[in-house]
There are 2 protein chains.
Amino acid sequence: MVTIYDIAKKANVSAMTVSRVINNSGKTKESTRKKVEQAIKELGYVPNSVARGLISKQTKTLGLILPDISNPFFAKLARGAEDKAHELGYRVILSNTDEDASKELNYMDMVLSARVDGVLIAPTSDHSLEQINRLRAQDIPVVLIDRTIEGFTGDYVLGDSYEGSRKLMEHLIEQGHHNIAFINGPSNISTARERLRGYLETLRLNELPVYEHYITEIDFKSIQAGDTKKNIEQLLALPSTKRPTAIFAANNFIAISTMRALKELGMKVPEDISVVCFDEVEPVVYFDPFFTVASQPAQEFGRIGIQFLVERLDGKTIQKDRKIVLSPDIHLRKSTRPIK
Amino acid sequence: MVTIYDIAKKANVSAMTVSRVINNSGKTKESTRKKVEQAIKELGYVPNSVARGLISKQTKTLGLILPDISNPFFAKLARGAEDKAHELGYRVILSNTDEDASKELNYMDMVLSARVDGVLIAPTSDHSLEQINRLRAQDIPVVLIDRTIEGFTGDYVLGDSYEGSRKLMEHLIEQGHHNIAFINGPSNISTARERLRGYLETLRLNELPVYEHYITEIDFKSIQAGDTKKNIEQLLALPSTKRPTAIFAANNFIAISTMRALKELGMKVPEDISVVCFDEVEPVVYFDPFFTVASQPAQEFGRIGIQFLVERLDGKTIQKDRKIVLSPDIHLRKSTRPIK
DNA sequence: TTGAAAGCGCTAACAA
DNA sequence: TTGTTAGCGCTTTCAA
């Protein structure tokens with residue numbers, strides 16, 4: 001592997017001069033710079049970021065910690081993040097937590113040992129705060145993405161879960177639905193709490209009763225295991241007058257598993273029951289927009305998150321926490337229909 | 001930031017002893033190890049991989065270079081790769097080339113400067129060979145994923161594009177389709193060449209004529225720009241007896257843009273025209289399997305690719321190139337129908 | 001079983 | 001404008 005000393009020898013200068021040429025720092029005579037650049041080209045030299053990182057304490061690497069990159073929402077977010085990071089001269093290390101706190105901890109150690117300059121994370125739960133503070137203790141800036149955490153101070157980029165929830169619910173109610181079931185994610189994730197808040201508030205504003213048995217929670221692993229069907233079966237087991245006419249699925253994966261369960265149970269959407277959800281069900285949306293959804297600008301989440309992170313690294317002078325909450329777009333499509 | 005010297009001081013030993021404890025190398029007395037471990041815990045020490053990497057010339061980091069992580073096929077592949085890498089103790093740096101050779105070159109420099117231990121790449125075209133050889137020249141193992149390159153020697157993990165193509169075509173022909181258009185990806189990508197070979201061979205075996213104007217190519221950027229519509233319009237402009245009754249879209253993104261164009265042009269699938277493609281259109285497939293596809297085990301691509309890569313790093317003793325070609329699964333669904 | 005010295009590739013600080 | 005020296009945090013080598 002070629003080092004600056006090889007270049008120095010070839011160009012008949014000192015290693016320091018080579019360093020200056022590479023970094024465009026200090027003064028170098030035009031002619032020596034030419035010589036050095038020539039040698040670099042001939043030997044195919046590429047600077048060693050590892051050595052550079054050791055001395056400068058900047059690895060130009062960021063950690064991106066997400067629940068699951070195979071969820072199109074997070075894939076888009078990751079794409080936005082990676083693009084922005086690359087624009088700004090940073091590399092991105094990817095991790096998938098599967099919403100599992102122990103995996104998350106594991107990846108925290110990993111990014112710590114890698115000495116990343118900053119971390120963009122969608123935390124698995126409020127308990128992640130402890131891990132985040134571990135990073136903070138090492139002066140590693142952390143920006144939250146998609147979710148916040150109780151007691152967290154710092155930058156974040158979220159979607160407006162409350163607003164999206166309000167709008168989806170209003171839509172259903174306008175369509176005549178009064179019995180609306182809500183299949184939520186785990187309430188230790190902020191988006192779930194906000195979506196529940198929107199659900200309850202909309203019922204209240206419309207003077208509709210809250211039926212506790214309409215509200216269920218399901219976590220990532222249970223969705224994967226196909227347990228959504230149990231939630232649905234319970235709802236359908238209710239006496240026909242009490243059975244929900246619509247389901248609000250709190251995210252795209254819940255919506256998909258809900259659709260699957262409904263199908264297996266012989267229920268047609270929207271004929272027999274209406275369904276709405278958060279997040280697009282991509283990429284099919286491009287040719288057959290089926291779901292009525294609250295769509296979030298995932299790619300923007302990623303771009304802005306990285307932007308904030310890097311600004312913390314560069315400027316260091318930003319005093320105030322920046323908390324961005326992006327509004328979802330409501331798309332009315334074919335998974336809902338008016339009743340009575 | 002805590003270093004081994006801080007630990008050494010606290011535990012009243014030398015830095016070297018701390019190093020030995022951390023790495024479980026050499027002999028250390030039980031009691032000193034305890035002392036050191038205690039100090040590590042108290043100070044929250046995490047080893048610095050950067051320093052380690054400088055001396056050991058192993059960064060425990062791999063490069064993953066893909067066209068676009070927001071394509072569910074590559075997202076799944078990335079998920080498999082990241083999981084396997086993590087199991088084996090490696091970090092993954094993610095890059096998106098958008099099938100663009102200059103972006104690819106850019107990322108090659110990036111992984112080179114990061115001194116990754118190995119690279120898993122879906123190359124943008126046969127021209128990527130030059131870049132790959134640059135890595136090889138630095139003794140960085142490269143494993144190809146999803147695609148191969150003319151003149152490449154080394155490990156790869158591909159899907160059997162020829163076989164998938166053959167089977168999709170046989171299915172269409174069995175259904176009575178004789179006029180089958182083929183919208184392919186750019187022929188400088190091996191999968192496109194193999195899929196074309198399968199297309200042509202199936203026509204030949206069935207003694208059907210090849211119509212040159214049925215075969216078109218479209219690249220990544222043109223798909224993004226919505227140009228697929230032009231290809232479709234040309235096909236539909238043919239006199240009705242010569243118009244294709246089915247379209248074979250070479251991948252999921254082409255299929256989606258084809259569906260969209262057909263819709264805009266007032267054509268229904270499968271009523272007016274049948275469509276088949278490569279790769280699942282996820283995640284909708286889980287509740288509404290629409291497309292007749294050749295489905296590839298994307299996650300396996302990633303897992304096996306990383307496995308091969310790390311084996312090169314560890315063993316170094318593998319002489320023979322390992323070339324894995326995984327068969328696709330054909331799923332017959334609702335996007336095709338028999339004619340006449 | 002433990003420690004001291006040297007050096008990985010680079011750059012900050014100073015000197016020439 | 002260019003070069004010398006030292007050291008980032010760690011591990012390899014050799015010595016005790």
Side-chain angles (χ1 to χ4, degrees), chain A residues 1-37 39-40 43-61 89 109 111-117 138-140, chain B residues 1-37 39-40 43-61 89 109 111-117 138-140:
Chain A
M1 186 104 267
V2 187
T3 75
I4 46 169
Y5 287 95
D6 300 317
I7 305 297
K9 194 179 292 173
K10 180 141 195 142
N12 264 315
V13 293
S14 74
M16 201 48 228
T17 302
V18 177
S19 174
R20 277 191 267 261
V21 169
I22 293 166
N23 297 292
N24 252 318
S25 61
K27 302 276 155 218
T28 36
K29 209 164 57 180
E30 179 67 17
S31 63
T32 42
R33 212 189 57 231
K34 280 269 164 63
K35 267 196 306 181
V36 171
E37 278 167 352
I40 286 175
L43 269 54
Y45 168 78
V46 180
N48 184 335
S49 294
V50 178
R52 221 176 234 181
L54 185 59
I55 187 163
S56 72
K57 275 120 173 34
Q58 284 200 56
T59 53
K60 288 285 175 182
T61 304
D109 282 336
V111 296
L112 267 174
S113 76
R115 297 297 193 267
V116 296
D117 296 336
Q138 318 282 359
D139 268 321
I140 299 175
Chain B
M1 185 103 267
V2 187
T3 75
I4 46 170
Y5 286 95
D6 301 315
I7 305 297
K9 194 179 290 173
K10 180 141 195 141
N12 265 314
V13 294
S14 75
M16 202 43 231
T17 303
V18 177
S19 174
R20 275 191 268 261
V21 170
I22 294 166
N23 297 292
N24 252 319
S25 61
K27 301 275 156 222
T28 37
K29 209 164 57 180
E30 179 67 17
S31 63
T32 41
R33 211 188 57 231
K34 280 269 164 63
K35 268 196 304 182
V36 171
E37 278 166 352
I40 287 175
L43 270 52
Y45 169 77
V46 180
N48 185 334
S49 293
V50 179
R52 222 175 234 181
L54 185 60
I55 187 162
S56 72
K57 275 117 174 36
Q58 283 200 56
T59 54
K60 287 285 176 182
T61 304
D109 282 337
V111 296
L112 267 173
S113 76
R115 298 296 193 265
V116 296
D117 296 337
Q138 317 281 359
D139 267 322
I140 299 175

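All chains are named by letter (A, B, ...) in the order of the sequence lines, taking the proteins before the strands, and each is independently numbered beginning at 1.
Residues N12(A) and K35(A) come closest through the heavy atom pair O-NZ, 4.2 Å. When all heavy atoms of I7(A) and Y45(A) are compared, the closest pair comes out as CD1-CB, 3.5 Å. I22(B) approaches R52(B) most closely through the heavy-atom pair CG2-NH2, 3.1 Å. The two residues V50(B) and T59(A) make their nearest non-hydrogen contact at CG2-CG2, 3.8 Å. Nearest heavy-atom pair across T32(A) and V13(A) is CG2-CG1, 4.5 Å.
One atom, CD of E30(A), and another, P of dT1(D), lie 11 Å apart when rounded to the nearest Å. The CD-C1' distance, from Q58(A) to dT11(C), rounds to 13 Å in whole Å. To the nearest angstrom, P of dT1(D) lies 20 Å from CG of N12(A).
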**Request:** Begin with the C-alpha distance, continue with both residues' side-chain angles, and end with the deciding distance and a verdict on salt bridge (Lys or Arg N to Asp or Glu O under 4.0 Å) for K34(B) and E37(B).
**Result:** CA-CA 5 Å; K34(B) 280 269 164 63; E37(B) 278 166 352; over 6 Å; no
**Derivation of the side chain to side chain contact (heavy atoms under 4.5 Å, CB included) call for M1(B) and R115(A)** = CA-CA 10 Å; M1(B) 185 103 267; R115(A) 297 297 193 267; 3.1 Å; yes
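A distance-only check finds a donor-acceptor pair linking the side chain of S49(B) to the backbone of S113(A) [under 3.5 Å].
Base contact: K27(A) has a heavy atom under 4.0 Å from a base atom.
From one end of the helix from dT1(C)-dA16(D) to dA16(C)-dT1(D) to the other, with five pairs defining each end axis, the axis direction shifts by 40° (rounded to 10°).
Close to dT2(C), at under 4.0 Å from its OP1 or OP2, lies no side-chain N or O of T17(B).
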**Prompt:** What one-letter contact string describes nucleotides 7-16 of chain D from 5' to 3', where B marks a base within less than 4.0 Å of any protein heavy atom, S marks contact via sugar-phosphate atoms alone, and - marks no contact?
**Reply:** BBBBBB----
